[in-house]
Amino acid sequence: MLGLHLSSVEVAYPGLAAPVLRIPDLDIPAGARVAVTGPSGSGKSTLVNIVTGLAPPGSGCVLWDGTDIARLPEGARDRWRGANIGLVMQDFHLFPGLSALENVLLPARLSRVADTAMKDRARTLLAEVGLDRPGQPVETMSRGEMQRVAVARALLRAPGVIVADEPTASLDPENGAAIGALLIDLAHRSGATLIVVSHDSRLTARLDRVLSLSGGEILSDSGCEGARQ
Amino acid sequence: MIHFVLADLKRFRLGSAVIVLLIALAVALGTTVTLQERALRLGSARASEKFDLIVGAPGSATQLVLSSVFLQPAALPLMPGDTLVALTEDPRVAWAAPIGFGDFVAGFPVIGTTTTLIEMTTTGFAEGRAFAAEGEAVIGSAVDLALGDTLVPTHGKQAEGGHAHAGIAYRVTGRLDPTGTPWDRAVLVPIQAVWHVHGLGHEAHDGHDHEAEGHDEEAHDADGHDEEDHAHAHAAGEDHAESHAENHGDDHGDADHDDHDSHDAPAFDPDAPLDETWAAGEAPGLPAILVKPRSIADAYRLRQDYRATGDTLAVFPAEVLTGLYAMLGDAKRVLVAVAVGAQTLVAAALLLVTVIQVGQRRRQIGALRAFGTPRGAVFGIVWLELALLFGTGILLGLGLGFAATEGLSRAFAAERGFPLPVAFAPGDLLGFGLLVLGAAGLSAVPAWLAYRQPPAAALRD
């Protein structure tokens with residue numbers, strides 16, 4: 001579980017008048033469960049890229065428990081992300097031709113950190129997300145099952161942070177609800193900080209705090225209001 | 001990583017197969033050119049190994065070698081038979097043996113020669129024994145006949161309008177061990193038989209005189225050994241010193257095989273004892289004599305002497321072949337350039353395909369990075385995938401090239417009678433290494449593109 005502190009973060013592209021993201025100051029304490037909402041183009045994806053270290057901000061600090069990942073070189077940022085961030089994405093990003101178990105283990109294997117304990121953990125996680133056939137090729141799975149595999153993969157290395165980018169957007173309501181519940185439950189059990197970018201009000205309503213983005217800025221922050229109240 | 005790479009290749013198996021096939025074909029082309037050229041050189045060098053020096057009548061040195069070493073049918077001019085006598089008695093000569101052509105049996109050339117040549121140029125008999133009488137024959141290992149078979153020679157190939165010599169038949173008494181030369185396809189008979197079949201011989205002094213005169217004409221008439229000369233020979237009527245082909249044309253023109261007798265030449269007698277010694281003035285004209293000099297110095301002196309006489313020509317087959325190899329080498333260089341061009345085209349096409357493919361896999365590669373895969377591993381995946389395709393293609397191409405060369409060589413051996421040994425040489429390692437290095441370098445281009453790609457690409461649409 002890691003806490004996030006953003007300060008003076010600004011992402012701008014040449015040719016655009018306004019920055020696509022501008023966050024003067026944001027704190028997400030360790031173990032918090034935060035929803036990020038907002039219309040498309042509001043800067044949600046950019047925020048995800050910044051907090052996961054997929055892209056460095058143009059300026060500002062991205063501090064995760066004191067580590068400014070904006071200052072890390074690319075290789076170090078990849079390593080840090082692999083070890084600390086569990087990513088779940090709208091499009092699952094599973095790799096056809098591999099089984100569910102192999103998909104769960106793939107990033108760890110490519111980072112050369114997969115050991116027997118991790119293989120056991122992968123099996124346990126697949127069981128926890130409700131899949132009882134770890135050897136099943138992912139291309140033969142339903143969308144709901146695929147996202148469960150993706151959730152298991154995100155949790156494999158026991159990350160301190162789980163970042164989910166529209167995890168339910170490509171699922172039917174039933175599966176969406178199940179995945180949402182799974183994410184919240186697993187984050188709660190592991191104590192990981194959970195950041196969910198979503199339009200799904202049923203999902204965001206279940207989280208402790210909602211950040212609304214618009215035009216690259218934080219329009220409202222239920223957490224701050226709650227803190228004030 | 002390898003597991004992921006294999007799964008990925010399996011997913012794109014059709015495309016992968018096409019890429020491998022393209023590479024394999026391009027590599028096979030280059031391999032075949034190199035191997036086939038080498039096979040031709042090795043095969044022909046081996047075929048001429050035992051032929052130190054060949055003496056013939058003045059004419060084309062190349063044709064003399066092609067006809068005597070490779071048994072390529074051609075009407076050669078004749079030299080005086082006394083040349084053989086002189087060479088046999090020459091102290092610089094270990095042995096000398098006549099080679100007479102012109103007849104065929106079932107498509108196999110009939111070569112008139114002596115037991116000395118058989119003894120000195122082969123490793124022995126697979127079965128049977130050497131000829132001991134005028135009507136006996138020894139067959140090469142590749143001749144499709146059996147011991148005891150009766151052979152009726154035709155003058156010229158039957159398929160090319162030759163016809164049988166009436167009343168003449170050889171009996172097979174022995175089969176030689178394989179020599180790996182065109183002579184494996186030859187039927188060897190006593191030279192005296194060839195002379196007698198064609199109405200030449202030392203008993204016939206009139207005939208001999210004719211030959212001598214004829215020979216003189218022939219010797220000074222460089223273009224007098226052409227197929228068209230059948231007609232000419234017939235018109236001239238008396239020109240017996242033409243090669244056997246023309247000589248026969250003459251006989252044929254008279255349409256009477258008893259004509260032999262009219263020249264007082266001895267008739268073919270299958271039971272006549274073998275006579276391999278000739279006194280001066282006895283031996284009829286000959287197209288070629290194989291000479292084994294006692295030393296290298298003797299070889300050069302003999303060549304010098306028999307070039308100088310004016311009515312003989314002496315050649316080192318190795319020297320003639322060297323000239324032919326130079327031409328072969330030029331042809332090979334052109335073909336290699338073509339093959340390299342084809343390979344470059346294929347490489348360029350593949351580079352295009354793979355760069356496009358990396359673009360299409362932007363999201364997949366980005367996702368790998370997003371999940372924390374190090375950039376080095378991404379480079380490794382893309383590189384390994386391509387290197388595997390290239391490697392498979394190259395190995396397959398080498399195999400394909402080898403198989404194609406083997407096939408060609410086999411077809412050639414069946415046609416020409418001498419095998420072309422197909423073999424890789426140590427020097428091929430360099431080319432192979434360069435090819436592998438090039439493939440590895442080429443694979444690194446898309447891998448580098450993937451390496452440089454930002455991971456955020458996975459999340460953008």
Side-chain angles (χ1 to χ4, degrees), chain A residues 11 40 44-50 52-57 73-99 101-114 137-139 150 153-154 156-157 159 163 165-166 169 197, chain B residues 1-17 19-20 357-389 392 443 446-461:
Chain A
V11 180
S40 48
K44 300 190 303 287
S45 288
T46 308
L47 180 62
V48 167
N49 286 346
I50 297 303
T52 56
L54 283 170
E74 196 160 354
R77 225 170 40 232
D78 284 343
R79 276 196 298 281
W80 178 88
R81 182 171 57 251
N84 294 293
I85 302 265
L87 260 178
V88 177
M89 286 179 271
Q90 181 181 343
D91 298 333
F92 323 138
H93 283 300
L94 298 178
F95 297 94
L98 299 179
S99 70
L101 184 68
E102 286 167 335
N103 261 284
V104 171
L105 285 166
L106 182 65
R109 279 183 171 156
L110 291 177
S111 304
R112 300 181 181 283
V113 293
V138 288
E139 62 270 23
R153 176 177 59 191
L156 182 70
R157 292 176 71 182
V163 177
D165 188 12
E166 299 283 7
V197 174
Chain B
M1 185 184 292
I2 188 75
H3 198 60
F4 177 70
V5 165
L6 290 179
D8 218 44
L9 287 177
K10 206 172 141 195
R11 201 149 61 96
F12 300 109
R13 53 183 167 270
L14 198 65
S16 303
I19 288 176
V20 166
Q357 206 218 359
V358 165
Q360 283 171 341
R361 294 174 65 185
R362 210 167 49 92
R363 280 169 58 77
Q364 189 202 30
I365 291 163
L368 282 174
R369 290 284 306 284
F371 297 128
T373 305
R375 282 196 293 178
V378 168
F379 181 95
I381 285 170
V382 176
W383 184 85
L384 192 63
E385 251 183 65
L386 286 171
L388 271 179
L389 292 181
T392 313
S443 308
W448 175 245
L449 289 179
Y451 179 88
R452 300 234 330 189
Q453 187 183 297
L459 304 173
R460 292 198 207 112
D461 280 316

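Throughout, a chain's letter reflects where its sequence line sits, starting with A, and its residues are numbered from 1.
- Contacts of B:I381 with chain A are made by side-chain atoms alone, with heavy-atom separations under 4.5 Å and no backbone atom involved.
- Remark: A:L110 CG to B:R369 CZ distance equals 12.0 Å, nearest 0.5 Å.
- In B:L14, the CG atom is not crowded: 12 or fewer heavy atoms of neighbouring residues, nucleotides or ligands sit closer than 6.0 Å.
- Residue-level contacts of residues 101-108 of chain A with chain B, in order of numbering, are A:E102, A:L106, A:P107; threshold 4.5 Å between heavy atoms.
- The distance from atom CZ of B:R11 to atom CD of A:E139, rounded to the nearest 0.5 Å, is 8.5 Å.
- Nearest heavy-atom pair, B:G372 versus A:S111, reported as atom, atom and distance to 0.1 Å: O-OG, 3.2 Å.
- Between chain B and the options A:A83, A:G53, A:P96, heavy-atom pairs under 4.5 Å are most frequent for A:P96.
- Under the 6.0 Å distance and 45° angle rule, A:R153 counts as a cation-pi partner of B:F371.
- Under the rule for a salt bridge (charged side-chain N to carboxylate O under 4.0 Å, His left out), B:R452 has no partner lying at least two apart in sequence or in another chain.
- In this structure, A:R81 and B:P455 have side chains that are in contact, with non-hydrogen atoms separated by less than 4.5 Å.
- Heavy atoms from other residues, nucleotides or ligands lying under 6.0 Å from CZ of A:R79 number 12 at most.
- Of the two parts of B:R375, the backbone and the side chain both hold a non-hydrogen atom closer than 4.5 Å to a non-hydrogen atom of chain A.
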